[in-house]
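What follows is a short report on a single structure.
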Protein chains: 2
Amino acid sequence: MKRNTWQKEAVRSALGDAGGFVSAQALHASLRESGSTIALATVYRALTGLTDEGEADSLQQEGEVLYRACTPGTHHHHLICRRCGTTVEIEAQPVEEWARRTAAEHGFTRAEHVVDIFGVCARCSDLVDRASRP
Amino acid sequence: MKRNTWQKEAVRSALGDAGGFVSAQALHASLRESGSTIALATVYRALTGLTDEGEADSLQQEGEVLYRACTPGTHHHHLICRRCGTTVEIEAQPVEEWARRTAAEHGFTRAEHVVDIFGVCARCSDLVDRASRP
DNA sequence: CGGCTTACTGAGAACCGTTGTCAAAACCAT
DNA sequence: ATGGTTTTGACAACGGTTCTCAGTAAGCCG
Ligand SMILES: [Zn+2]
Ligand SMILES: [Zn+2]
Ligand SMILES: [Zn+2]
Ligand SMILES: [Zn+2]
C-alpha cells in the first residue's frame with residue numbers, strides 16, 4: 001500500500017510554489033534552505049512518483065531533467081522562460097492535428113510529440129533591457 | 001587556425017552513413033568496428049564541432065545526446081523512429097508561425113522552439129506486427 | 001624537403017546528474 | 001501499542017560527457 005509522508009507532501013508543495021520548471025537539485029536546495037532535512041534521493045523519488053501519476057511534467061534541458069507541477073489530465077505544451085523558469089501552459093489544436101497528420105503521412109505509428117517554446121519572459125526581458133542601458 | 005584531420009572526416013562520414021540520430025558512443029563503437037582507432041573523446045569533440053558549424057543537429061533523449069547530419073542552413077524539424085533512429089526532416093510553416101505568435105502574445109522575446117515527433121517508422125511497425133503474430 | 005608552431009589527439013581521470021543499496025525509521029491496519 | 005511493510009537517508013555506484021596533459025601531426029614558411 002502507498003503511504004503518505006511529510007517528505008512527499010513537502011516536494012509536491014515546493015514544486016507547486018516554484019511555479020515553473022525546476023531541477024531536482026534546485027528543489028532540494030530550496031527545501032533545505034527553508035529548514036527541511038529531506039534527502040536528495042527522496043526528492044528524486046517523489047518527483048518520479050508525481051510524474052508517473054501525471055501530477056508533474058518533465059523535460060530535459062542541458063543534460064538535466066526539469067519538473068513542473070502541471071494541470072493533471074490535460075495534454076498541453078509549454079512556453080518557458082530560459083532565465084527564470086516561469087512557465088505558461090499552452091494548448092494548440094492546430095499543432096496536435098499537424099503532428100498527427102505528419103506522422104501518418106510518413107507511415108509512422110505510435111507517434112508522440114515534443115513541442116515547447118523557450119524564450120525570455122516579459123519581466124526578464126525588462127530586467128535585461130534595463131541592465132544594458134545606462 | 002583550424003586543421004583537417006582524418007578523425008574529423010571519419011566522424012563526419014560515419015554520421016552521414018548513419019542516416020538517423022545516433023549517440024556519440026554508438027558512433028564511436030561503429031567506427032571502431034570498421035577498424036578505426038579513433039578515441040571516444042575525439043568523437044565527442046568532432047560532433048560538438050559539427051553541431052556548432054551547423055552541419056549536424058542534436059537532441060536529448062533519455063539522458064543522452066543524439067546527433068544527425070542534417071541539411072545545413074535550413075530550419076526544420078524531425079520525425080524520428082524510436083526503434084531504429086531513422087529520421088525524416090520536416091518543414092512546417094504553420095507551426096513556425098504559431099510559435100512566433102504564441103511567444104509574442106505572452107510577451108516572450110528571443111523565442112526558440114523544440115518541435116519533434118517520435119514514432120515507429122513503417123518498416124519497424126511492420127517488423128513488430130510480424131513478430132507479435134504467429 | 002625539413003623545421004617550427006601550435007592545434008589536435010588519445011588515454012585516463014574527473015565531473016555531474018541520477019539511480020541503486022541497505023539498515024534504520026516511520027506509516028498505518030489491526 | 002504492535003508488527004508487517006513501505007519509505008527514508010546516507011553513501012556508493014553508474015553512465016554519459018568533459019577535462020587534463022603529454023605526445024602527435026597539420027600546415028606554414030624558408
Ligand atoms: Zn523570466
Ligand atoms: Zn500536443
Ligand atoms: Zn524504424
Ligand atoms: Zn521550427
Side-chain angles (χ1 to χ4, degrees), chain A residues 1-15 18 20-53 55-68 80 82 85 114 118, chain B residues 1-15 18 20-53 55-69 80 82 85 114 116 118:
Chain A
M1 177 206 300
K2 188 170 171 302
R3 294 180 185 174
N4 295 324
T5 63
W6 64 264
Q7 287 93 334
K8 282 176 189 166
E9 195 43 45
V11 170
R12 193 204 314 281
S13 146
L15 189 61
F21 279 89
V22 283
S23 70
Q25 312 229 33
L27 209 55
H28 178 240
S30 88
L31 280 162
R32 302 293 288 226
E33 267 180 37
S34 34
S36 174
T37 62
I38 193 171
L40 177 58
T42 304
V43 174
Y44 274 104
R45 288 187 282 240
L47 288 172
T48 304
L50 288 171
T51 303
D52 291 349
E53 291 156 28
E55 292 197 52
D57 284 1
S58 69
L59 60 84
Q60 299 198 4
Q61 205 194 21
E62 289 161 28
E64 66 182 0
V65 180
L66 304 183
Y67 300 86
R68 175 171 192 266
I80 304 150
R82 268 194 298 270
V114 177
F118 295 86
Chain B
M1 177 206 301
K2 190 170 171 300
R3 292 177 187 177
N4 295 323
T5 63
W6 63 264
Q7 287 94 334
K8 281 175 189 167
E9 195 44 45
V11 170
R12 195 204 313 281
S13 148
L15 189 60
F21 278 89
V22 285
S23 69
Q25 313 232 30
L27 208 56
H28 177 241
S30 87
L31 281 162
R32 302 294 288 227
E33 269 180 36
S34 34
S36 174
T37 62
I38 194 171
L40 177 58
T42 304
V43 175
Y44 274 105
R45 288 188 280 240
L47 287 172
T48 303
L50 288 171
T51 303
D52 291 348
E53 291 156 27
E55 292 197 50
D57 283 2
S58 70
L59 60 84
Q60 300 199 4
Q61 204 194 22
E62 289 161 27
E64 67 183 358
V65 179
L66 305 182
Y67 300 87
R68 175 171 192 266
I80 304 150
R82 268 193 297 267
V114 177
D116 289 308
F118 295 87

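Since the structure is predicted, the reported quantities are computational estimates derived from the model, not experimental observations. Every chain is numbered from 1, with letters handed out A, B, ... down the list of sequences. All heavy atoms count here, side chains included; hydrogens, waters and symmetry mates do not.
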Rounded to the nearest angstrom, tell me the gap between atom [atom1] in [X] and atom [atom2] in [N].
X	N	atom1	atom2	value
A:K8	C:dC28	NZ	C1'	13 Å
B:I38	D:dT24	CD1	P	18 Å
A:Q60	D:dT17	CD	P	11 Å
B:H28	C:dT9	NE2	C1'	12 Å
A:L40	D:dT8	CG	P	13 Å
A:L27	C:dG17	CG	C1'	15 Å
B:R3	D:dT24	CZ	P	15 Å
A:W6	C:dC28	CH2	P	15 Å

Q: Heavy atoms only: give me the nearest B:A56-B:L15 pair and the separation to one decimal.
A: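 For B:A56 versus B:L15, the nearest heavy atoms are CB-CD2, 3.9 Å.
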
Q: Take B:G63 and A:T37, find for each the nucleotide of DNA chain D with the closest heavy atom, and name the residue whose nucleotide sits nearer the 5' end.
A: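 Comparing both residues, the 5'-ward one is A:T37.
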
Q: Using a cut-off of 6.0 Å, state whether more than 12 heavy atoms not belonging to B:E53 lie near its atom CD.
A: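 More than 12 within 6.0 Å, yes.
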
Does [X] have a side-chain nitrogen or oxygen under 4.0 Å from the phosphate oxygens OP1 or OP2 of [N]?
X	N	answer
B:Q7	C:dG10	yes
A:S23	C:dG17	no
A:N4	C:dC27	no
B:T42	C:dT9	no
B:Y44	D:dT17	yes
A:T5	D:dT8	yes

Q: Record whether the side chain of A:R45 comes under 3.5 Å of the base of C:dT19 through a donor-acceptor pair of N or O atoms.
A: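 Such a pair does not exist between side chain and base.
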
(Q) Which is more 5' along DNA chain C, the nucleotide nearest A:K2 or the one nearest A:E64? Just name the residue. (A)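 So the residue in question is A:E64.
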
Q: Mark yes or no for whether A:K8, through its side chain, and A:L50, through its backbone, hold a donor-acceptor pair below 3.5 Å.
A: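 Pair absent, no side-chain N/O of A:K8 close to backbone of A:L50.
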
Q: Verify, without hydrogens or angle tests, whether B:H28 (side chain) and B:I38 (backbone) share a donor-acceptor contact under 3.5 angstrom.
A: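 It does hold such a pair.
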
Q) Which nucleotide, C:dT6, D:dG9, C:dG10, lies nearest any side-chain atom of A:A39? A)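 Nearest listed nucleotide: D:dG9.
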
Q) Pick from A:D52, A:L66, A:L27: which one makes a side-chain contact (heavy atoms from CB on, under 4.5 Å) with A:L47? A)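 Only one of A:D52, A:L66, A:L27 forms a side-chain contact (heavy atoms from CB on, under 4.5 Å) with A:L47, namely A:L27.
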
